[in-house]
Participant: 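What follows is a single structure, and I will ask about it in a moment.
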2 protein chains.
Amino acid sequence: MQKAHHPELGEIALTEVMGALSDPIRVGLVRVLADGRERGWGQLRAPVAKSTLSHHLRVLRDAGLTRTRQEGTRCYVTLRRDDLQARFPGLLQVVLSAMEIDDVGSQVGLRDGADP
Amino acid sequence: MQKAHHPELGEIALTEVMGALSDPIRVGLVRVLADGRERGWGQLRAPVAKSTLSHHLRVLRDAGLTRTRQEGTRCYVTLRRDDLQARFPGLLQVVLSAMEIDDVGSQVGLRDGADP
DNA sequence: TTCGATGTTCGTGAAACGTCGAACAAGCTA
DNA sequence: TAGCTTGTTCGACGTTTCACGAACATCGAA
């Protein structure tokens, strides 16, 4: 496990963000993280193999949507709300609303036992 | 040339919209159409072969972002601003702003002679 | 009717994507 | 030390995407 790359604020590209949000699993992950709380990798529940989940989290990270922090063998993920707001004002908010409207990504959630 | 399929308002899917906006050429096309005016196919200028341009316009159409109208052998394209606003309020506006910020899609424009 | 202009469709190829299981690396724990 | 847990990485596979030129269909003009 090596240190993950996170794009700087100014490096966040719109087309990458859009591409990252073009997959239901990833949209679901963003929805789960939408409340701004940090979540452990293990708390995330998605109907894919763990290698696939790792891949999707990487895409989100590379696009600048999330930040991953490592602690021992565990990882914690957060949505980069402030950075996104600074880079593309209003985008995240509106996209989160759109996710609700379309109810996309609802197959992703938190493992039982995670606090709401 | 057969009649193109346009998704209904309620059929417009967020992930498809996002996917459609994950390509610089298509973002550029949306920017060109952002003022709400109808544009002829021939007015559009993009650094790709015409078959490729046709492909991109199809992706935009299938995603519900644009509407294509046929008149004789010519096609006219418009952005479905009202439909998008109804389906995902605020999304288009915010994305258009983000396009400006990132200056993505500026390689696409109008052919000389088209009124601003 | 013949010609030219206009887009779409087809065939192709290269690249990217989503998915999986297996293998791996790194750090706790016993 | 050995073993377990956690997540990443590595092929492999099939699908999708983007790109092009060529062929085609359709309509208007000559």
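Note on naming: letters A, B, ... go to the chains in the order of the sequence lines (proteins, then strands), and numbering restarts at 1 for each one. Below, each value reflects all heavy atoms present in this structure, side chains not excepted, and no hydrogens, waters or symmetry copies.
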Participant: B/S51 side chain: which of C/dT8, D/dC20, D/dC10 is closest?
Facilitator: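 Within the option list, the nearest is D/dC20.
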Participant: Using whole Å, report how far CG of A/L53 lies from P of C/dC20.
Facilitator: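 After rounding, the reported distance stands at 10 Å.
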Participant: Which residues pass the salt bridge (charged side-chain N to carboxylate O under 4.0 Å, His left out) test with B/E8, not counting sequence neighbours?
Facilitator: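 Per chain and number, B/E8 pairs via salt bridge (charged side-chain N to carboxylate O under 4.0 Å, His left out) with no residue.
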Participant: With sequence neighbours excluded, what pairs up with B/Q85 under the side chain to side chain contact (heavy atoms under 4.5 Å, CB included) test?
Facilitator: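 Residues passing side chain to side chain contact (heavy atoms under 4.5 Å, CB included) with B/Q85: B/P89.
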Participant: Could you state the atom-to-atom distance from NE2 of A/H5 to P of D/dT8 in whole Å?
Facilitator: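 Going from A/H5 (NE2) to D/dT8 (P), I get 16 Å.
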Participant: CD of B/Q70 versus C1' of C/dT9: gap in Å, rounded?
Facilitator: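 For the pair B/Q70 CD and C/dT9 C1', the rounded distance is 14 Å.
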Participant: Nearest-Å distance, CD (A/E16) to C1' (C/dC17)?
Facilitator: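 My rounded result for the distance is 13 Å.
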Participant: Among A/Q70, A/K50, A/R74, find the one that has a side chain to side chain contact (heavy atoms under 4.5 Å, CB included) with A/W41.
Facilitator: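 Only one of A/Q70, A/K50, A/R74 forms a side chain to side chain contact (heavy atoms under 4.5 Å, CB included) with A/W41, namely A/K50.
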Participant: Determine which pairs satisfy side chain to side chain donor-acceptor pair (under 3.5 Å) with at least one residue from residues 56-65 of chain B, sequence neighbours left out, and list them in order.
Facilitator: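 For residues 56-65 of chain B: B/R26-B/H56, B/R58-B/D62.
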Participant: According to salt bridge (charged side-chain N to carboxylate O under 4.0 Å, His left out), who are the partners of A/R81, at least two apart in sequence or on a separate chain?
Facilitator: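 Scan of A/R81 (salt bridge (charged side-chain N to carboxylate O under 4.0 Å, His left out), adjacent residues dropped) gives none.
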Participant: Taking CZ from A/R45 and P from D/dT6, how many angstroms apart are they, rounded to a whole number?
Facilitator: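 Going from CZ in A/R45 over to P in D/dT6 covers 17 Å.
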Participant: Whole angstroms only, please: what is the CZ-C1' distance between A/R111 and D/dG7?
Facilitator: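 The distance from CZ of A/R111 to C1' of D/dG7 comes to 13 Å, rounded to the nearest Å.
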Participant: Would you say a side-chain N or O of A/W41 is under 4.0 Å from OP1 or OP2 of D/dT8?
Facilitator: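 For A/W41, the contact criterion (side-chain N or O under 4.0 Å from OP1 or OP2 of D/dT8) is met.
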Participant: Nearest of C/dT8, C/dA23, C/dC20 to any side-chain atom of A/K50?
Facilitator: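 Of the candidates, C/dA23 comes closest.
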Participant: Without decimals, in angstroms, what is the distance between B/R39 CZ and C/dT6 C1'?
Facilitator: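 Those two atoms, CZ and C1', are 19 Å apart.
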Participant: Rounded to whole Å, please give me the gap between CD in B/Q43 and C1' in C/dA5.
Facilitator: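 Distance check: B/Q43 CD to C/dA5 C1' gives 16 Å.
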Participant: Does a salt bridge link B/D112 with B/R45, judged by any charged N lying under 4.0 Å from a carboxylate O?
Facilitator: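 Salt bridge absent between B/D112 and B/R45.
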Participant: Please tabulate the protein-to-nucleotide N/O contacts below 3.5 Å involving nucleotides 15-19 of chain D, giving atom names and distances.
Facilitator:
residue: D/dC18; atom: OP1; partner: B/R26; partner atom: NH1; Å: 3.3
residue: D/dC18; atom: OP1; partner: B/R26; partner atom: NH2; Å: 2.9
residue: D/dC18; atom: OP2; partner: B/R26; partner atom: NH1; Å: 3.0
residue: D/dC18; atom: OP2; partner: B/H55; partner atom: NE2; Å: 3.1
residue: D/dA19; atom: OP2; partner: B/H56; partner atom: NE2; Å: 2.4

Participant: Less than 3.5 Å between a donor and an acceptor, one on the side chain of A/T73 and one on the base of D/dG7, is that the case here?
Facilitator: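 It does not, because no donor-acceptor pair links the side chain of A/T73 to the base of D/dG7 below 3.5 Å.
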Participant: Let me have the donor-acceptor pairs involving side chains of residues 96-103 of chain A, under 3.5 Å, with sequence neighbours excluded, atom names and distances please.
Facilitator:
residue: A/S97; atom: OG; partner: A/Q93; partner atom: O; Å: 3.2
residue: A/E100; atom: OE1; partner: A/R31; partner atom: NH2; Å: 3.4
residue: A/D102; atom: OD1; partner: B/R87; partner atom: NH2; Å: 2.9
residue: A/D102; atom: OD2; partner: B/L14; partner atom: N; Å: 2.8
residue: A/D103; atom: OD1; partner: A/R31; partner atom: NH1; Å: 3.3

